[in-house]
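Comments concern the structure below.
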Amino acid sequence: PPLGFLNRLQTRDEGIDLKGGGLMPIVGMARVRALAAGVAERSTLGRLEAAAAAGAMRAESAETLGEAFRFLARLRLEVQLAARRAGRASTNRVDLHSITPLERRHLKDAFLSVRELQEELALDFVVERPA
């Protein structure tokens, strides 16, 4: 996730990449957890729910990732619709100046959750390497 020193949102010239920084990592984590649970669900939210129900992840983690996914997808859609209305090409990036302070806080919280749950996933699937 695009978080820097002291968990500050890191922006590039074109803003923060919602897809690459948040949506894709959530999709990946949902896939891994669903595979671990032997779940055949195809949607990200369905995978999270099924993985939690099967015990492959904590229900709280699935709920947190689901909320983050819904928020990031909604914000991405709003950014894309605003760009189209203004006659610009759609993008996956959001300019922090174009969203409200509350949305910025939710964005930061979503990215913090993604990072925390990526670390949890890494610990759950540690593979020891031979010496």
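Just so it is clear, the values below take in all heavy atoms, side chains as well, and ignore hydrogens, waters and symmetry mates. Residues: numbered from 1 along the sequence shown.
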Pairs satisfying ring pair (Phe, Tyr, Trp, His ring centres under 6.0 Å), at least one member in [range], at least two apart:
range           : answer
residues 38-58  : none
residues 16-62  : none
residues 63-105 : Phe71-His106

Path from [X] to [Y] over hydrophobic side-chain contacts below 4.5 Å:
X      : Y      : result
Phe125 : Met29  : yes
Leu107 : Leu112 : yes
Val79  : Leu102 : no
Leu121 : Val39  : no
Leu117 : Leu18  : yes

Side chain to side chain contact (heavy atoms under 4.5 Å, CB included) partners for Ala73, two or more places apart: Leu23
Determine which pairs satisfy salt bridge (charged side-chain N to carboxylate O under 4.0 Å, His left out) with at least one residue from residues 76-89, sequence neighbours left out, and list them in order. Arg74-Glu78
Suppose the criterion is salt bridge (charged side-chain N to carboxylate O under 4.0 Å, His left out): which pairs have a residue in residues 61-70, not counting sequence neighbours? none
Nearest 0.5 Å, please: how far is [atom2] in [Y] from [atom1] in [X]?
X      : Y      : atom1 : atom2 : result
Ile99  : Arg105 : CD1   : CZ    : 12.5 Å
Arg104 : Leu75  : CZ    : CG    : 11.5 Å
Ile16  : Leu96  : CD1   : CG    : 4.0 Å
Thr91  : Asp17  : OG1   : CG    : 7.5 Å

Shortest non-hydrogen separation from [X] to [Y] and the atoms involved:
X     : Y     : answer
Leu48 : Gly66 : CD1-N, 3.7 Å
Gly15 : Arg93 : O-NH1, 3.2 Å
Pro25 : Gly20 : CD-O, 3.5 Å
Ala51 : Ala34 : CB-N, 4.1 Å
Ala83 : Ala89 : CB-O, 3.6 Å

Go through it in stages, so that I can follow the logic: the residues are Val94 and Glu103, the test is side-chain contact (heavy atoms from CB on, under 4.5 Å), and I'd like the CA-CA distance, side-chain angles, deciding distance and then a yes or no. CA-CA 11 Å; Val94 63; Glu103 287 172 320; over 6 Å; no
Under the salt bridge (charged side-chain N to carboxylate O under 4.0 Å, His left out) test, which residues partner Arg47, sequence neighbours left out? none
Which residues share a salt bridge (charged side-chain N to carboxylate O under 4.0 Å, His left out) with Glu60, sequence neighbours left out: Arg58
Taking side-chain hydrogen bond (donor to acceptor under 3.5 Å, both in side chains) as the definition, give me every residue that meets it alongside Ser43, ordered by chain and number, with sequence neighbours left out. Glu41
Residues forming a side-chain hydrogen bond (donor to acceptor under 3.5 Å, both in side chains) with Gln80, sequence neighbours excluded: Asn92
Contacts satisfying side chain to side chain donor-acceptor pair (under 3.5 Å) that involve residues 18-37 (not counting sequence neighbours) are Arg33-Asp124
Besides Met24, the hydrophobic cluster formed by Ile, Leu, Val, Met, Phe, Trp and Tyr side chains linked at under 4.5 Å, directly or via other members, contains none
